[in-house]
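Just follow the structure's listing: the first ligand is 1, and inside any ligand the first atom is 1.
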Amino acid sequence: MTAGRFISFEGIDGAGKSTQHAWLVEHLRARGLAVVATREPGGTPLGEKLRALLLAEPMHLETEALLMFAARREHIEQVIAPALERGEWVVCDRFVDASFAYQGGGRGLDWKKLESLSQWVLGDLQPDLTLIFDAPVEVAQQRLHAATANPDRFEQEQAAFFERVRSAYLRIASENPQRVRLIDATETPANINKVLEKIVATF
Ligand code: TYD
């Protein structure tokens with residue numbers, strides 16, 4: 001049995017990661033791999049309920065972080081760990097780095113609190129590969145406004161919030177060169193497909 005692989009997709013809203021997530025899932029399945037396509041917050045029935053709250057209800061920033069990790073705890077238990085144990089690939093649209101980038105960078109929650117939550121909820125589990133889709137905030141905001149009729153609680157944030165989220169992602173990329181690949185999300189979708197194809201081929 002081939003070993004399962006865990007890939008996460010990250011980036012500021014509007015960077016185009018969800019399109020590429022769908023593409024990679026199909027690409028891997030076309031190569032005969034068993035792939036679990038999932039997302040955060042969400043991925044389980046309870047997680048999707050928490051997602052609906054997180055995207056709509058105003059709340060304290062620590063409540064927000066705790067609910068993100070509560071959804072993640074359930075997701076790991078019910079979906080991610082079992083799939084990896086079965087030797088399948090898990091391709092997840094956002095994972096723990098989003099908590100550091102959005103709740104840490106964007107909202108200003110103490111990085112140490114996030115590290116202890118991460119240690120608690122993830123233990124040793126980390127993605128084998130994280131793809132961070134990076135684009136200037138103006139570019140991402142233009143795409144977002146063109147594609148989104150009803151922006152959620154995060155999508156309604158101002159440019160300065162997304163600048164902080166982007167900086168946090170860039171920090172995560174530079175601190176985790178083994179795990180994280182930064183993808184230039186200003187490229188055309190076809191060129192990004194080629195980059196992803198090369199990266200996963202080395203797996
Ligand atoms: P997103 O992947 O952008 O969903 P969609 O493409 O359908 O809008 O995720 C929803 C939002 O959740 C996104 O704005 C980032 C936010 N988020 C956090 O703030 N912290 C987290 O830990 C996660 C997983 C997501």
Side-chain angles (χ1 to χ4, degrees), residues 6-25 37-44 46-76 79-80 90-111 113-122 125-127 130-135 137 139-169 171-172 180 183 185 189:
F6 182 15
I7 304 178
S8 62
F9 277 60
E10 299 282 358
I12 57 174
D13 291 85
K17 75 179 165 48
S18 298
T19 313
Q20 294 296 327
H21 175 262
W23 180 84
L24 185 67
V25 168
T38 188
R39 69 171 180 181
E40 289 202 350
T44 64
L46 177 61
E48 292 293 328
K49 285 185 180 167
L50 292 173
R51 178 188 177 93
L53 291 172
L54 281 159
L55 298 191
E57 296 291 330
M59 61 185 77
H60 189 274
L61 73 99
E62 292 189 349
T63 310
E64 184 178 284
L66 290 164
L67 289 181
M68 292 289 180
F69 275 95
R72 184 164 297 131
R73 182 69 192 88
E74 202 67 13
H75 194 205
I76 292 169
V79 177
I80 298 174
V90 175
V91 183
C92 193
D93 192 345
R94 297 194 188 280
F95 191 60
V96 70
D97 298 309
S99 296
F100 284 91
Y102 280 78
Q103 282 65 55
R107 303 248 193 259
L109 179 60
D110 183 2
W111 208 261
K113 286 188 177 168
L114 290 164
E115 278 170 350
S116 49
L117 278 173
S118 180
Q119 182 56 43
W120 184 22
V121 169
L122 273 65
L125 180 74
Q126 276 290 333
T130 296
L131 303 169
I132 297 183
F133 289 76
D134 182 59
V137 169
V139 173
Q141 294 241 286
Q142 272 168 17
R143 287 183 185 165
L144 194 62
H145 294 149
T148 315
N150 296 308
D152 64 40
R153 208 164 60 81
F154 293 97
E155 292 165 343
Q156 286 168 22
E157 289 289 343
Q158 301 299 306
F161 174 86
F162 290 106
E163 293 288 359
R164 294 194 298 275
V165 175
R166 184 185 185 205
S167 301
Y169 272 132
R171 170 180 168 185
I172 291 166
V180 177
I183 309 287

>> Using the rule given for side-chain contact (heavy atoms from CB on, under 4.5 Å), can you reason through I172 versus E10, listing the C-alpha separation, both sets of side-chain angles and the distance that settles it, and then say yes or no?
In response: CA-CA 11 Å; I172 291 166; E10 299 282 358; over 6 Å; no

>> Would K113 and L117 count as a side-chain contact (heavy atoms from CB on, under 4.5 Å) here? Give the steps.
In response: CA-CA 6 Å; K113 286 188 177 168; L117 278 173; 5.7 Å; no

Measure and list all N/O to N/O distances between ligand 1 and the protein that fall under 3.5 angstrom.
{"from": "ligand 1", "atom 1": "2 (O)", "to": "K17", "atom 2": "NZ", "distance (Å)": "3.0"}
{"from": "ligand 1", "atom 1": "2 (O)", "to": "R94", "atom 2": "NE", "distance (Å)": "2.9"}
{"from": "ligand 1", "atom 1": "3 (O)", "to": "D13", "atom 2": "OD2", "distance (Å)": "3.2"}
{"from": "ligand 1", "atom 1": "3 (O)", "to": "R94", "atom 2": "NE", "distance (Å)": "3.4"}
{"from": "ligand 1", "atom 1": "3 (O)", "to": "R94", "atom 2": "NH2", "distance (Å)": "3.2"}
{"from": "ligand 1", "atom 1": "4 (O)", "to": "R51", "atom 2": "NH2", "distance (Å)": "2.9"}
{"from": "ligand 1", "atom 1": "7 (O)", "to": "R51", "atom 2": "NH2", "distance (Å)": "3.0"}
{"from": "ligand 1", "atom 1": "8 (O)", "to": "E155", "atom 2": "OE2", "distance (Å)": "3.1"}
{"from": "ligand 1", "atom 1": "9 (O)", "to": "R94", "atom 2": "NE", "distance (Å)": "3.3"}
{"from": "ligand 1", "atom 1": "14 (O)", "to": "D13", "atom 2": "OD1", "distance (Å)": "3.0"}
{"from": "ligand 1", "atom 1": "14 (O)", "to": "D13", "atom 2": "OD2", "distance (Å)": "3.0"}
{"from": "ligand 1", "atom 1": "19 (O)", "to": "Q103", "atom 2": "NE2", "distance (Å)": "2.8"}
{"from": "ligand 1", "atom 1": "20 (N)", "to": "Q103", "atom 2": "OE1", "distance (Å)": "2.8"}
{"from": "ligand 1", "atom 1": "22 (O)", "to": "R72", "atom 2": "NH2", "distance (Å)": "3.0"}
{"from": "ligand 1", "atom 1": "22 (O)", "to": "S99", "atom 2": "N", "distance (Å)": "3.2"}
{"from": "ligand 1", "atom 1": "22 (O)", "to": "S99", "atom 2": "OG", "distance (Å)": "2.6"}

> Given the rule in the side-chain contact (heavy atoms from CB on, under 4.5 Å) test, do V96 and L114 qualify, once you have shown the distances and angles that lead to the verdict?
Replying inline: CA-CA 9 Å; V96 70; L114 290 164; over 6 Å; no

> Do I132 and D97 come within less than 4.5 Å of each other through their side chains, counting heavy atoms only?
Replying inline: no

> Taking only residues two or more places apart in sequence or in another chain, which ones pass ring-ring contact (aromatic ring centres under 6.0 Å, His included) with F95?
Replying inline: F6

> Taking the six-membered ring of Y169, is NZ or CZ of R166 closer than 6.0 Å to its centre and within 45° of its axis?
Replying inline: no

